[in-house]
**Q** 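The structure's right below; bear with me while I get my questions together.
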Amino acid sequence: MRHVIALDVGGTGMKAALAGPGGELLHRARRPTGRERGPDAVVAGILGFAAELRAYGAEHFGTPAAAAGVAVPGIVDEARGVAAYAANLGWRDVPLRDLLAERLGVPVALGHDVRTGGLAEGRVGAGRGADRFLFVALGTGIAGAIGVDGRVEAGAHGFAGEIGHIVVRPGGSECPCGQRGCLERFASAAAVSEAWATASGDPGADAADCAKAVESGDPRARAVWQDAVDALADGLVTALTLLDPRTLIIGGGLAEAGETLFTPLREAIRRRITFQKQPSLVPAALGDSAGCLGAGLLAWDLLASTDRMEVTP
């Protein structure tokens, strides 16, 4: 069976799959990144894991993988195939695409983790069928993916979709990016956890605890939650004004609160829009499989483009 390697590299662990031509995951595996041993060990682990997957495919499906797709965090130069920077992995300017292509002997596509997950959500997940979508992941930080006609826009320098660094509260809390008042300082899961820990007096409380307290009617929790929802709505309306997506997909840890988040967020967006069209606002559907599914899509897209080039006179 023809298949591709799909690899999703996270801060602490790697999720991988062998993906069939219909996007189905034929085999799944996980490994730690080994980041405690340094960036060189992380790269070696990725190469070794990919080689194991190639061998598994050859043994169980009669042929090695035809291509590989890899999603990595941080700053990614997708055109050059370079993992430019990732604070949580400690690497800089790693030519990961070429290293993997040399190890595996097949073409390799390299993508940014959030954009790759967004590609999967847009094509085969919550945004299936939408010609324009915006995927926003609310995790430790906030990042997004801009979908246009089945592809995700990387931008001229690989920074497209960084919605978490829209300034929504000028002069507000300092962000690690160097600005003050960035969206992710007020509406990420980490920001809600910090605000609720302070408001509740429990240093171990997190965003999930805050959501539960909202559901039980705690007024302190409702205030913290509404502040986050308002900040998020401000950022999203800015994005809607610029991009005019048909579907807005929200994922990440904060989205696990379900309608505790989505009901007030839809209302907050409705109150803010004027001439803009309110998009369909939906939760992400693929969970932690999105990165692998997206990496597989990158690999199949690469094969398709290669096939087209080979038949062009």
Side-chain angles (χ1 to χ4, degrees), residues 10-13 33 35-36 73-75 85-90 112-114 117 134-145 159 161-239 248-269 272 281 283-284 287-288:
T12 59
T33 61
R35 65 176 182 173
E36 68 280 358
I75 299 171
Y85 176 69
N88 54 1
L89 295 175
H112 179 271
D113 57 352
V114 174
L134 175 63
F135 169 71
V136 178
L138 307 175
T140 303
I142 296 179
F159 298 151
E162 290 293 345
I163 186 174
H165 298 290
I166 290 176
V167 174
V168 294
R169 300 292 181 266
S173 301
E174 186 174 1
C175 179
C177 80
Q179 297 188 116
R180 286 186 172 275
C182 287
L183 175 60
E184 69 176 42
R185 293 296 299 125
F186 299 92
S188 64
V192 173
S193 294
E194 181 181 339
W196 178 234
T198 299
S200 66
D202 178 1
D206 62 13
D209 297 323
C210 185
K212 292 175 184 175
V214 169
E215 293 162 9
S216 68
D218 188 312
R220 299 169 304 168
R222 287 184 171 180
V224 167
W225 198 256
Q226 192 61 51
D227 284 347
V229 167
D230 287 340
L232 182 57
D234 288 341
L236 290 175
V237 168
T238 298
L248 176 55
I249 307 164
I250 306 293
L254 211 60
E256 293 176 8
E259 286 305 315
T260 300
L261 173 66
F262 285 91
T263 296
L265 182 58
R266 289 189 186 99
E267 176 59 22
I269 291 172
R272 285 163 171 77
L281 177 63
D288 70 355

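Not measured: the values here are computed from a predicted model.
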**Q** Got a donor-acceptor contact below 3.5 angstrom from the Q179 side chain to the H165 backbone?
**A**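 Yes; judged by distance alone, with no hydrogens or angles, the pair exists.
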**Q** What is the distance from atom CG of L261 to atom CZ of R266, rounded to the nearest 0.5 Å?
**A**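 Interatomic distance, L261 CG to R266 CZ, rounded to 0.5 Å: 9.0 Å.
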**Q** Where the side chain of H112 meets the backbone of P73, is there a donor-acceptor pair that is under 3.5 Å apart?
**A**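 Not confirmed, H112 side chain does not pair with P73 backbone.
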**Q** Any idea which heavy atoms bring R169 and D234 closest together, and the distance?
**A**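 Between these two residues, the closest heavy atoms are NH1-OD2, 2.7 Å.
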**Q** If you take all heavy atoms of I163 and A239, which pair is closest and at what distance?
**A**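 Looks like CD1-CB, 3.8 Å.
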**Q** CG/L232 to CD/E184 distance, rounded to the nearest 0.5 angstrom?
**A**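 If I round to the nearest 0.5 Å, the distance is 12.0 Å.
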**Q** If you define the side chain from C-beta out and look only at heavy atoms, does anything of V224 sit under 4.5 Å from E194?
**A**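 Sidechains of E194 and V224: no contact.
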**Q** Looking at every non-hydrogen atom in both residues, tell me the closest pair between S188 and G139 and how far apart they are.
**A**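 Shortest heavy-atom separation between S188 and G139 comes out as CB-O, 3.3 Å.
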**Q** If you round to the nearest 0.5 Å, how far is CD1 of I269 from CG of D230?
**A**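 So the gap between those two atoms works out to 11.0 Å.
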**Q** Looking at CG of D218 and OG of S200, how far apart are the two atoms once the value is rounded to the nearest 0.5 Å?
**A**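 Taking CG in D218 and OG in S200, the distance rounds to 8.5 Å.
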**Q** Just verifying a value: how many Å separate W225 CH2 and T260 OG1, rounded to the nearest 0.5 Å?
**A**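 Going from the CH2 atom of W225 to the OG1 atom of T260 covers 6.5 Å.
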**Q** Could you pull out the closest heavy-atom pair between A137 and V114, with the gap in Å?
**A**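 Looking at all heavy atoms of both residues, the closest pair is CB-CG1, 4.5 Å.
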**Q** Please check this pair: side chain of R35 against backbone of G90, looking for a donor-acceptor N/O pair closer than 3.5 Å.
**A**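 Between the backbone of G90 and the side chain of R35 there is no qualifying donor-acceptor contact (under 3.5 Å).
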**Q** Could you check whether any side-chain heavy atom of E215 comes within less than 4.5 Å of a side-chain heavy atom of E259, counting everything from C-beta outward?
**A**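 When only atoms from C-beta onward are counted, E259 and E215 do not touch, as no gap falls below 4.5 Å.
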**Q** Taking NZ, NE, NH1 and NH2 as the nitrogens, is one of them in D206 or K212 under 4.0 Å from a carboxylate oxygen of the other?
**A**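 Result for this pair is no, no salt bridge flagged.
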**Q** Considering all heavy atoms of both residues, which atom of A228 and which atom of A187 are nearest to each other, and what is their separation?
**A**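 Reported closest heavy-atom pair: O-CB, 3.6 Å.
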**Q** Nearest 0.5 Å please: distance from the CD1 atom of I166 over to the CG atom of L236.
**A**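 It comes to 8.0 Å.
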**Q** Which atom pair, heavy atoms only, marks the closest approach of G13 to T33?
**A**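 Residues G13 and T33, closest heavy atoms: N-CG2, 3.5 Å.
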**Q** Taking the side chain as C-beta and beyond, is there a heavy-atom pair between W196 and D202 under 4.5 Å?
**A**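 Heavy-atom side-chain distance check fails, nothing below 4.5 Å.
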**Q** Mark yes or no for whether R180, through its side chain, and G172, through its backbone, hold a donor-acceptor pair below 3.5 Å.
**A**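 At least one qualifying donor-acceptor pair exists.
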